[in-house]
Amino acid sequence: MVISGKELAASLKRDMAAQVATFEEKYGRVPHLTVVLVGDNPASVSYVTGKSKASAEVGIKNTTIRKDASISEEELLQLIDNLNNDNSVDGILIQLPLPAHIDENKVIAAINPAKDVDGFHPANVAGLWLKQPCVLPCTPKGIIKLLKKAGVEIAGKNAVVIGRSNIVGLPVSKLLLNENATVTIAHSRTHNLAEVARSADILVVAIGKPRFVTADMVKEGAAVIDVGVNRDPESGRLCGDTDFAAIEPKASVITPVPGGVGPMTICCLMENTIECFLAQRGKIR
C-alpha cells in the first residue's frame, strides 16, 4: 500500500479548520504564524509558499517576513526578539538553511520555546527526550501519524532509522521508542548497513541520497518511510532516498516522493501552531 501523505494531510487540515473556526468567538482571534525567509533560495521560497497556502486552508493567520541574504546575524536575532515579545504572534519559524555567515544554532536558540513551531529549540529537544511537555518536530510527528493511519503496528517491532540528524533521524527514533518499538539508528557508513536495514519491520530513511536504499536492503513486508527529497541524477525529477519502483512490490506500506512525508510536515506545522496558541492560553500541554 502506498501511503498518501496528501490525503491524510487534507483530512487533518479539514479537522483543524473546523476547530480554528471556533476560535474567534472563544478567544477573540485565530492563531498567528510568522515565517522569516532570509534570501531567495528557490527551495526555501517554495516551502514558505506551501506553508502560507496551508495556513489559509486551516484559517490560521500567516505573515511572511522576507529579508535579504545580507542581513546580519545581529539584525536577525533582534527581529526574533521582537517576535518573541509580540503577543499577537503565536508561532515563529525561521526558514532553513540560513546564509553561511549566520549561526543557525544561535538563531534557533533565540526563539521563544513556546513559539518554536518547528520544535528545534534545545528546550523542546530536551523535552522530547525527557518525556516532558514540548513542541514536537513536524516531520517526525508526521511520520508517526502516517504509520498509525496505515495501520502499521509499532509496538514490539524492529525499527531502523537511517539518518541521525537533529531534524528527523534522532527525534523520529525517540518517537518510535515512545511507541514501544526497538530502534536501531544507522547512517550511510554503518558497517553491514544492508544487513541492518533488512532486520527492520519499519524502515525510515532520511539521508538525502537519491535512491540510496535498494530492494535488497528491505525485508519482505516491511513498512518503508522515505523522507528524502532529491533530484534524480538521470532524469532530474524529484525522487526519494529509496528505489521506490523496486521496493514497492516488497513493502507492506511505502511513502512516495513527492506526496508522502512532505505534506504531513506542513500539516503538523499547522497543528503545532494551533497547539502553541492554545498552550499559551493554558488549554493543552
Side-chain angles (χ1 to χ4, degrees), residues 4-38 43-67 76 79-96 107-108 110-121 123-124 127 133-146 149 167 171 258-259 261-285:
S4 172
K6 288 183 179 179
E7 291 182 8
L8 179 56
S11 173
L12 292 173
K13 284 188 287 186
R14 285 193 294 270
D15 292 342
M16 284 187 272
Q19 180 186 20
V20 171
T22 68
F23 286 178
E24 194 75 54
E25 182 177 350
K26 287 181 179 178
Y27 308 114
R29 67 175 180 87
V30 298
H32 180 191
L33 169 65
T34 296
V35 179
V36 179
L37 173 61
V38 179
S44 293
V45 171
S46 176
Y47 293 147
V48 168
T49 300
K51 290 162 185 174
S52 177
K53 180 181 176 183
S55 297
E57 292 171 348
V58 172
I60 289 173
K61 180 181 178 182
N62 181 286
T63 300
T64 298
I65 299 175
R66 300 193 64 161
K67 293 294 182 180
L76 182 56
L79 172 60
I80 293 170
D81 186 58
N82 293 341
L83 294 173
N84 286 339
N85 293 313
D86 186 342
N87 291 331
S88 73
V89 174
D90 306 292
I92 302 169
L93 186 151
I94 309 300
Q95 182 64 47
L96 303 178
V107 167
I108 290 168
I111 300 170
N112 179 347
K115 297 186 178 186
D116 168 38
V117 288
D118 259 337
F120 294 164
H121 190 282
N124 285 319
C134 64
V135 181
L136 295 178
C138 302
T139 298
K141 186 178 185 179
I143 289 170
I144 299 301
K145 288 180 181 290
L146 278 172
K149 178 64 177 179
I167 294 174
V261 174
M264 288 302 300
T265 298
I266 293 181
C267 176
C268 288
L269 172 63
M270 299 299 105
E271 185 174 82
N272 282 356
T273 302
I274 293 170
E275 289 179 358
C276 287
F277 172 83
L278 292 173
Q280 291 174 50
R281 286 155 181 76
K283 299 302 178 183
I284 58 173
R285 255 198 259 129

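FYI, the numbering just counts along the sequence from 1.
Tested against I111 for a side-chain contact (heavy atoms from CB on, under 4.5 Å), the candidates I94, L93, D81 yield a single pass: I94.
Between P140 and P137, the closest heavy-atom pair is CD-O, 3.5 Å. Considering all non-hydrogen atoms of both residues, C138 and C268 come closest at O-CB, 3.6 Å. Nearest heavy-atom pair across F120 and I108 is O-CG2, 3.4 Å. A pairwise comparison of heavy atoms in Q280 and A114 identifies NE2-O, 3.6 Å as the closest pair.
N85 contributes atom CG, which lies 12.0 Å from atom CD1 of I80 (distance to the nearest 0.5 angstrom). Taken from CD1 in I92 to CG in L83, the straight-line distance is 5.0 Å, to the nearest 0.5 Å. Atom OG1 of T139 and atom CE of M264 lie 10.0 Å apart (nearest 0.5 Å).
Using a distance-only test at 3.5 Å, with no hydrogens or angles considered, no donor-acceptor pair links the side chain of N62 to the main chain of K53. When atom types are taken as modelled, the side chain of S52 and the backbone of V48 share no donor-acceptor pair closer than 3.5 angstrom. Checking side-chain atoms of N84 against main-chain N and O of A110 turns up a donor-acceptor pair under 3.5 Å.
Residues I143 and V261 meet the side-chain proximity criterion, which asks for heavy atoms closer than 4.5 Å. Considering only heavy atoms from C-beta on, K145 comes within 4.5 Å of E271 through its side chain. Under the 4.5 Å side-chain criterion, counting only non-hydrogen atoms from C-beta, I274 is in contact with V58. Two residues are said to be in side-chain contact when any heavy atoms from C-beta on lie closer than 4.5 Å; L33 and M270 meet this criterion. For the pair D118/L96, no side-chain contact is recorded, criterion being any heavy-atom separation below 4.5 Å from C-beta on.
For the salt bridge (Lys or Arg N to Asp or Glu O under 4.0 Å) test, residues two or more places apart in sequence or in another chain that qualify with R29 are D90. With sequence neighbours left out, S88 forms a side chain to side chain donor-acceptor pair (under 3.5 Å) with D86. Scored by the side chain to side chain donor-acceptor pair (under 3.5 Å) test, N87 finds no partners at all (sequence neighbours excluded). Every residue meeting the side chain to side chain donor-acceptor pair (under 3.5 Å) condition with T63, not counting sequence neighbours, appears here in chain and number order: H32. Applying the side chain to side chain donor-acceptor pair (under 3.5 Å) criterion to D116, with sequence neighbours excluded, gives N124.
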List the atom pairs, donor and acceptor, that lie under 3.5 Å between side-chain atoms in residues 7-27 and the rest of the protein, sequence neighbours left out.
residue	atom	partner	partner atom	Å
K13	NZ	E57	OE1	2.6
T22	OG1	Q19	O	2.6

Dump the intermediate steps for side chain to side chain contact (heavy atoms under 4.5 Å, CB included) on I60 and K51, then the final yes or no. CA-CA 10 Å; I60 289 173; K51 290 162 185 174; over 6 Å; no
Kindly determine whether K115 and V89 satisfy side chain to side chain contact (heavy atoms under 4.5 Å, CB included), including the steps that lead there. CA-CA 8 Å; K115 297 186 178 186; V89 174; 4.3 Å; yes
